[in-house]
Protein chains: 2
Amino acid sequence: MGNNVIITDENTQYKLTGNHMVWWQPGDWDIYEHLYNTTRFTDIDAISKRNHPNLAQTYIPENAVNTPVTMKTDDGVYLSFHEAALYNYAGITLKVDKENLMMQSELVGNSKNIKVETAVPFNTPWRTIQITDRAGELIESKLLLNLNEPNKLGDVSYVKPTKYVGIWWEMHLGKASWDMASGKHGATTENAKRYIDFAAKNNIHGLLVEGWNTGWEHWIGFEDREGVFDFVTPYPDYDLNGVVRYGKEKGVALIMHHETSAASQTYDKQLDTAFALMNKLGVHAVKTGYVGKILPKGEYHHGQYMVNHYQRVLEMGAKYKVAINAHEPIMATGIRRTYPNFIAREGLRGQEFNAWASDGGNKPEHLTIVPFTRMLAGPIDYTPGIFDIKLKPWKPNNQVNNTLAQQLALYVVLYSPVQMAADLPENYEGNPAFQFIRDVAVDWQESKVLNGEIGDYVTIARKERGGDRWFVGSVTDENARQLVVKLDFLDAGKKYTATVYADGADADWDKNPTSYKIENFTVGSSSVLTLNLAPGGGAAISIVPIK
Amino acid sequence: MGNNVIITDENTQYKLTGNHMVWWQPGDWDIYEHLYNTTRFTDIDAISKRNHPNLAQTYIPENAVNTPVTMKTDDGVYLSFHEAALYNYAGITLKVDKENLMMQSELVGNSKNIKVETAVPFNTPWRTIQITDRAGELIESKLLLNLNEPNKLGDVSYVKPTKYVGIWWEMHLGKASWDMASGKHGATTENAKRYIDFAAKNNIHGLLVEGWNTGWEHWIGFEDREGVFDFVTPYPDYDLNGVVRYGKEKGVALIMHHETSAASQTYDKQLDTAFALMNKLGVHAVKTGYVGKILPKGEYHHGQYMVNHYQRVLEMGAKYKVAINAHEPIMATGIRRTYPNFIAREGLRGQEFNAWASDGGNKPEHLTIVPFTRMLAGPIDYTPGIFDIKLKPWKPNNQVNNTLAQQLALYVVLYSPVQMAADLPENYEGNPAFQFIRDVAVDWQESKVLNGEIGDYVTIARKERGGDRWFVGSVTDENARQLVVKLDFLDAGKKYTATVYADGADADWDKNPTSYKIENFTVGSSSVLTLNLAPGGGAAISIVPIK
């Protein structure tokens, strides 16, 4: 291949104008599931984030940061750095040069010290900078999408925005297991039908079932992971066809699950078979997972090898009309514009860390930083909606570090066309606050960031696509906060009922996280709502036109 | 029949000790659907209640009152007068003798001036007086039941306490009609299935369908009502078998409807056929109706003739395993102890008056009197749960004269093992307050009246049968009120979550009836809740043990 080139380095440089405040996570080549850190630029210390006790894979070779990385100058300018249209190339990290207040691109490589192998001519991804004097404008920006090509798949009507439930949280709680050998297998036909019944009753139209296929006995912690999982063989207590059929009768679509355990070659080999099965079943969505160090050894999740793997999966999805929700993915770079079947990704420290992380789970401020960092890249499958904040009786030493009202707010604050109602059905039954999850839209026509400071609070209003309802979500960090929200985005002259799901007067993410208050008001475009957010709290509002 | 006797009068006398305050309705021989009046005994004026514009039948021959009639002496003693075990006899009214502060029984007669025709020996019904110094004790009393014989039907497991929805309110609103000729027939297969779907999703297991059978074109206002209705012939747009089957699949049982239009002989003739059909369909409940003047002419709803008719229907129900919920009934006298299939009755001015009565509907105080009067007789099918208080867009000049929170409270305050969620499904969808209706029990193991003054307010706590949940309902009249409720009825040492559905701070039955507030608290037996009831308002509380 005479036109081939090998790229061993790329030296895009960003010279900063000062020692800005930075919201960063370490330049990890294998994972984005670190908490964000808030420091001055010269205090960035990625190396100190090595040896994280709760990550199945992590590799931080030097003092660099992952992107998007977001900053605020002392005179109030907000900056965020990332990349767009990443194809057949390595993901980026930004190396920190404290002395010169400079960042320089450091591509994710592999153990052969090759960053990229390609042919000329080629395009690198775009290197992007967002600059604004209003933090919320970072979120409203369409920059990344506009740097990608339009839809090349044609009809993607099979890609359906949806709320979903799943056989998932019960595994993180230890109530059930992915594998069957434990005797408490979660993915049984009976349990799946129970979730379908629950979803059907509650305006939820998707069901994720993890642990449905053989192989989970030989997963995390094993080196020889190739050839273990396949993506067509159900455990004997799970009737795949029956569950799909039952779901269809009840208007609940199965979301397939493919945990690859990062054994990329096994997955590549079976890709066509696995996706053909979904197509045959009429299943149009899959959640993929890549837990563990990449096989073949020496490759990393964010390197060119895996960028191309994720792309193959995406294109296989397009071939068989399947939308992809990748966990342990490469970071989003706006290619969902071109491949609209890339419906969402993880790529952040998600809800599950609250169930078991030995570092105490996500901090109350976590989700006031994520909207201004990770979320700038694209839709997030965070899996919100945990109502049993204290995780009783399953995890006496862990908890969600936010209030129940904040869990509701996340359905609006965190953008994703697929949103899980992640808790166990029994934790929703009987709770009037669940009405917000029943009601909230997942597909938006318009979004406005009403206020926000990175790491402190943010309030976002979104109007549903194909309807006249608005939803507002507001979250705060560990500090209580009173936010005054103008509803001037509503149509002038129209009347609406606003139902406000807010923290109770005595709510607190630690001491009283499930105290909430639901109130309703008749509002219009000149109305103002005062939201009192508890420490670690939030508020969610549905605004419905009065006929 | 040589042993026959004709009774032309009965002169049971009650001499009062003073000119007590009385909660009364006129001694109407044909209906109990008057508002209660609150006057001194000597101000009782039943005659002034003649010519009521909103009653299909009414006959008030003299200055008498219907029972139960309840009084309060100036030194704080509460009295209530009624009768128990009414069989083969005429219903009672109590004639008012103002000069002597005396009441004397006046049996309901017929146009032949016969009160009762019977054979010796015979028993009259019991004449009952309840006396107490605490108003709530009237409600807690088991006197009427204890004056009746035990269950004589044996296995009555087919009698199922249930919440139900119905094709009913939409007719009162004018959205639909009972008859088919209007072009807006309510009882269509499609509409019934819509209600079944809604019920199945919301922990409601019964469906009433009115207007399903031919004959409704020739109903109220016609003299020749005999032979019009039958109880086996559906309108062509209603698939009776299909609806029953669809309901069974979804766990929603049909409640049959028999409107007799008071044509008692037509109903009597068809009784066996009609009940056999229900038995064949596996339908175990019927709502009966007797709107209009009784046929044959000269008989009245509360006379011996009809007492015996209602009894025949009840016994036919027992034969075919059908529970009876009679509207326009004879008043309950505790015979449900003996015939447990007499599950509930109307026999009061129900919710429907709010939809169309030209006198402005039920007054805000109505349901603070009913618990101390009509409810002493037995279970009430009031059909609570109207959320669209202003009845928009159907009835711009009518409204429910209570707040939405009071509508919730009625599920606890008004005792009935069958409770309707009476509003249109579309008025419940999306409202978090609907959770209370989903949750509330209908069958009770224990009831405590926590506070109450007749015509002012009342708070009742009830523990569900077969479970550990408590529910509390509190209603007030047109006055705002702060009530402090001790939860000392809870098990000591146990913790519970109390979810309080209360009036919003600015709620008012007229100006802002749908403003509510839902809050939750962790409570125990030493907890105290302060309830702020709006004018015409209420509060409903579910109290669920924490596992």
Side-chain angles (χ1 to χ4, degrees), chain A residues 197-204 249-251 387-388 390 392-394 403-405 408 426-441 469 471 495 497-507 511-522 540 542-547, chain B residues 197-204 249-251 387-388 390 392-394 403-405 408 426-441 469 471 495 497-507 511-522 540 542-547:
Chain A
D197 289 343
F198 175 76
K201 274 200 245 182
N202 290 297
N203 194 30
I204 294 174
E249 279 166 20
K250 302 250 174 175
F387 275 23
D388 178 18
K390 292 286 188 182
K392 283 182 183 167
W394 308 106
T403 67
L404 188 150
L408 296 181
E426 55 265 39
N427 291 335
Y428 291 131
E429 298 277 13
N431 197 321
F434 186 55
Q435 188 60 44
F436 186 80
I437 298 180
R438 284 192 197 95
D439 289 341
V440 67
R469 298 179 305 162
F471 295 87
K495 285 198 163 188
T497 298
T499 305
V500 180
Y501 301 73
D503 293 314
D506 54 351
K511 290 193 282 290
N512 197 8
T514 59
S515 166
Y516 60 78
K517 195 168 58 176
I518 307 174
E519 292 178 281
N520 62 345
F521 307 95
T522 300
S542 67
I543 305 178
V544 179
I546 296 171
K547 287 153 288 182
Chain B
D197 289 342
F198 175 76
K201 275 201 246 183
N202 290 296
N203 193 30
I204 294 173
E249 279 166 21
K250 302 250 173 175
F387 275 24
D388 178 17
K390 293 286 188 182
K392 284 183 183 166
W394 308 105
T403 67
L404 188 150
L408 297 180
E426 55 266 38
N427 291 335
Y428 292 131
E429 298 277 14
N431 197 322
F434 186 55
Q435 188 60 43
F436 186 80
I437 298 180
R438 283 192 198 95
D439 290 341
V440 67
R469 298 179 304 163
F471 295 87
K495 285 199 163 187
T497 299
T499 305
V500 181
Y501 302 71
D503 293 314
D506 54 351
K511 291 193 282 290
N512 196 8
T514 59
S515 167
Y516 60 78
K517 195 168 58 178
I518 307 174
E519 291 178 281
N520 62 345
F521 307 95
T522 299
S542 68
I543 304 178
V544 180
I546 296 172
K547 286 151 290 180

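Just so we're on the same page: letters track the sequence lines, and every chain starts at 1.
Across every non-hydrogen atom of B:K517 and A:K517, the tightest pair is CG-CG, 3.9 Å.
Atom CD of A:E249 sits about 9.5 Å away from atom CD of B:E249, to the nearest 0.5 Å. In this structure, the separation between CG on B:D439 and CG on A:N431 is 9.0 Å, given to the nearest 0.5 Å. Rounding to the nearest 0.5 Å places NZ of A:K201 at 13.0 Å from CG of B:D197. In this structure, CZ in B:F434 is found 9.0 Å from CZ in A:R438, a value given to the nearest 0.5 Å.
Residue contact with chain B, scored on non-hydrogen atoms closer than 4.5 Å, involves the backbone of A:A200 exclusively. Using a 4.5 Å cut-off between heavy atoms, A:Q435 touches chain B through its side chain atoms alone.
Contact of the A:T499 side chain with the B:Y516 side chain is registered, since non-hydrogen atoms from C-beta on lie closer than 4.5 Å. Inter-residue side-chain proximity for B:P432 and A:Y501 is flagged as met; some heavy-atom pair is nearer than 4.5 Å.
When B:T522, B:T514, B:V544 are compared by the number of non-hydrogen pairs under 4.5 Å with chain A, B:T514 comes out ahead. By number of non-hydrogen pairs under 4.5 angstrom with chain B, the leading residue of A:I518, A:N203, A:I546 is A:I518.
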